[in-house]
2 protein chains.
Amino acid sequence: MPPPVQPAPCKHSHSHCANVDLIEQAVERCKAAGLRRTRALNDVLHILIEAGQPMTLADVTESKHLHSGADRATVYRLLMKLEERGILRRLGLHDRAAYYTMVFPGHHNDYLICTKCGKIQRLEISCPVEVLEKQIAKQSGFTGLYHELEFFGLCPKCS
Amino acid sequence: MPPPVQPAPCKHSHSHCANVDLIEQAVERCKAAGLRRTRALNDVLHILIEAGQPMTLADVTESKHLHSGADRATVYRLLMKLEERGILRRLGLHDRAAYYTMVFPGHHNDYLICTKCGKIQRLEISCPVEVLEKQIAKQSGFTGLYHELEFFGLCPKCS
DNA sequence: ATACATGCAAACATTTTGCTTTGGC
DNA sequence: GCCAAAGCAAAATGTTTGCATGTAT
């Protein structure tokens, strides 16, 4: 029963969109990673960035901003490639479907999620886990460490 | 490719198992919640508690400790009921399958997960998020708040 | 005796792949 | 022109449900 993610304010993939800078940065990283500049890739980046929220494969595929009309399999493969290249990250947010969200160096997001209606809210907090993370990296020998922190509960409406 | 979760040391659902106290406590809570004391329920509790780790539906169903030989659907329904009653919790650990883990009042676990081989390791840390949680509960109006904290990266073998 | 629990089989939802065609470089 | 990307359709995986039967209380 999770509600559809809010559509992004962006309408035409042009400079009057919000987050132009972020989009440019992402496109740049894709190019550097050897991806071809296709319409579908462009759309997916736009959609995820403008949404500013984790989205499922279905969310992206059905977004009205997917002007290329790219196929589910195409979007899926794009998401995979972007994940492999560290441009986005897959999150396990309890829904049956996987969620994807953009990764920008130096940025980190935590979420507050209603276990009943599935609403996902980004938290504006300074996460106290960073320190811990370095410590764990050292002790465990894991590399490329990052973390996910989610709070679950019933939102006011569902309470 | 996540490896099968390690089987528990418990062999016969009796007092020489480790964690007898925890099992008793869980059984008690189930009874209080109005669940019938069936063989399948008993097995599921044992398996999850002795494993001391999150397990998938398949892990539980295929466990050699599922002496009752209960069906996938049965185990599934048990897990649902236990979740609804707060006796266990479903975790989103990035695998396609959902993970389930026992909940004991006053206990909290964080995990370290290899994004390549899927190995799940419980962390023995004092989680710095508790304070934050109370703060968020107050600000957001959410009730029944709890959190999940996971660290992801490549384990030494996969690095 | 009654209501809840189980088993089996089938329906679903979502992800993932194979193969041919298209299009970026 | 060559190889990556896209499109279409089907397979794979994991979850969930319907219904007849068994069993705890």
Side-chain angles (χ1 to χ4, degrees), chain A residues 1-5 27-28 30-45 47 54-63 66-85 87-100 115 118, chain B residues 1-5 27-28 30-45 47 54-63 66-85 87-100 115 118:
Chain A
M1 292 83 245
V5 168
V27 168
E28 211 43 54
C30 289
K31 202 194 299 181
L35 295 186
R36 290 183 178 178
R37 198 179 208 305
T38 69
R39 201 127 162 36
L41 173 59
N42 203 56
D43 286 351
V44 169
L45 292 177
I47 290 168
M55 299 181 86
T56 65
L57 170 59
D59 288 337
V60 177
T61 305
E62 286 152 27
S63 164
L66 191 72
H67 301 111
S68 65
D71 179 76
R72 200 179 41 244
T74 299
V75 175
Y76 172 75
R77 283 187 270 232
L78 278 174
L79 293 174
M80 293 297 100
K81 279 176 208 156
L82 293 171
E83 188 188 8
E84 282 162 18
R85 288 160 176 76
I87 293 164
L88 59 76
R89 188 169 287 161
R90 192 205 312 221
L91 303 180
L93 299 183
H94 279 201
D95 217 354
R96 192 146 116 191
Y99 279 79
Y100 299 87
T115 48
Chain B
M1 292 87 244
V5 168
V27 169
E28 210 44 53
C30 290
K31 204 195 297 181
L35 295 186
R36 290 185 177 176
R37 199 179 208 304
T38 69
R39 200 129 161 41
L41 172 59
N42 203 55
D43 286 352
V44 168
L45 292 175
I47 290 167
M55 300 181 85
T56 65
L57 170 60
D59 288 338
V60 176
T61 306
E62 286 152 26
S63 164
L66 191 71
H67 304 299
S68 65
D71 179 76
R72 199 179 42 246
T74 299
V75 174
Y76 172 76
R77 283 187 272 230
L78 279 174
L79 292 174
M80 291 297 101
K81 280 175 207 157
L82 293 171
E83 188 189 9
E84 282 164 16
R85 288 161 176 76
I87 292 163
L88 60 75
R89 189 169 287 161
R90 193 205 313 221
L91 303 179
L93 299 183
H94 279 202
D95 217 355
R96 192 149 118 189
Y99 280 79
Y100 299 87
T115 47

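Worth knowing before you read on, the calculation uses all heavy atoms, side chains too, and leaves out hydrogens, waters and symmetry mates. Predicted, not measured: the structure shown is a model, and the values here were computed from it. Chain naming here is simple, since letters A, B, ... match the order of the sequence lines and numbering starts at 1 in each.
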To the nearest 10 degrees, the angle between the two end axes of the helix from C:dA1-D:dT25 to C:dC25-D:dG1 (five pairs per end) comes to 40°
For A:Leu35 and B:Ala98, find the nucleotide of DNA chain D closest to each by heavy atoms; which residue's nucleotide sits nearer the 5' end?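 Mapping each residue to its closest nucleotide by heavy atoms, the 5'-most match is A:Leu35.
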Nearest-nucleotide 5' precedence on DNA chain D, B:Arg72 against A:Gly34: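 Whichever sits nearer the 5' end wins; that is A:Gly34.
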Using only atom types and a distance under 3.5 Å, with no angle test, would you say the side chain of A:Asp71 pairs donor to acceptor with the backbone of A:Ala73?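 Present.
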Should [X] be listed as having a side-chain N or O under 4.0 Å from OP1 or OP2 of [N]?
X       : N      : answer
A:Thr74 : D:dA5  : no
B:Thr38 : C:dA5  : no
B:Tyr76 : D:dT16 : yes

Would you classify [X] as touching base, sugar-phosphate or nothing, given that sugar-phosphate means primed atoms plus P, OP1 and OP2, and contacts are heavy atoms under 4.0 Å?
X       : answer
A:Ala73 : base
A:Arg77 : base
B:Lys81 : sugar-phosphate
B:Ala58 : nothing

Using whole Å, report how far [atom1] of [X] lies from [atom2] of [N].
X       : N      : atom1 : atom2 : answer
B:Met80 : C:dT6  : CE    : P     : 14 Å
A:Met55 : C:dT14 : CE    : C1'   : 17 Å
A:Leu41 : D:dA4  : CG    : C1'   : 12 Å
A:Asp71 : D:dG7  : CG    : P     : 6 Å
B:Leu79 : D:dG14 : CG    : P     : 15 Å

Under-3.5 Å donor-acceptor pair between A:Arg36 side chain and C:dC25 base: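 No, no donor-acceptor pair under 3.5 Å.
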Given the structure, check if the side chain of A:Arg37 and the base of C:dC25 hold any donor-acceptor pair shorter than 3.5 Å.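 Check fails, no donor-acceptor contact within cut-off.
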What verdict does the side-chain contact (heavy atoms from CB on, under 4.5 Å) test give for B:Tyr99 and B:His94, after you've listed the backbone C-alpha separation in whole Å, the side-chain angles of each residue and the deciding distance to 0.1 Å? CA-CA 9 Å; B:Tyr99 280 79; B:His94 279 202; over 6 Å; no
Side chain of B:Arg96 only, please: which of C:dT14, D:dT16, C:dA3 is the nearest?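 Given the options C:dT14, D:dT16, C:dA3, the side chain of B:Arg96 is closest to C:dT14.
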CG of A:Leu66 to CD1 of A:Ile47: how many Å apart, nearest 0.5 Å?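 Spacing of CG (A:Leu66) from CD1 (A:Ile47) equals 4.5 Å.
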With nearest nucleotides of DNA chain C determined for A:Arg90 and B:Ser68 from heavy-atom distances, which residue corresponds to the more 5′ nucleotide?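 Comparing both residues, the 5'-ward one is B:Ser68.
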For the student: nearest non-hydrogen atoms of A:Ser68 and A:Ala40, plus distance: OG-CA, 3.7 Å
Shortest non-hydrogen separation from A:Tyr76 to A:Leu57 and the atoms involved: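 Looks like N-CD1, 3.7 Å.
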Are A:Leu35 and A:Leu82 packed together at the side-chain level, in the sense that at least one heavy-atom pair is separated by less than 4.5 angstrom? yes
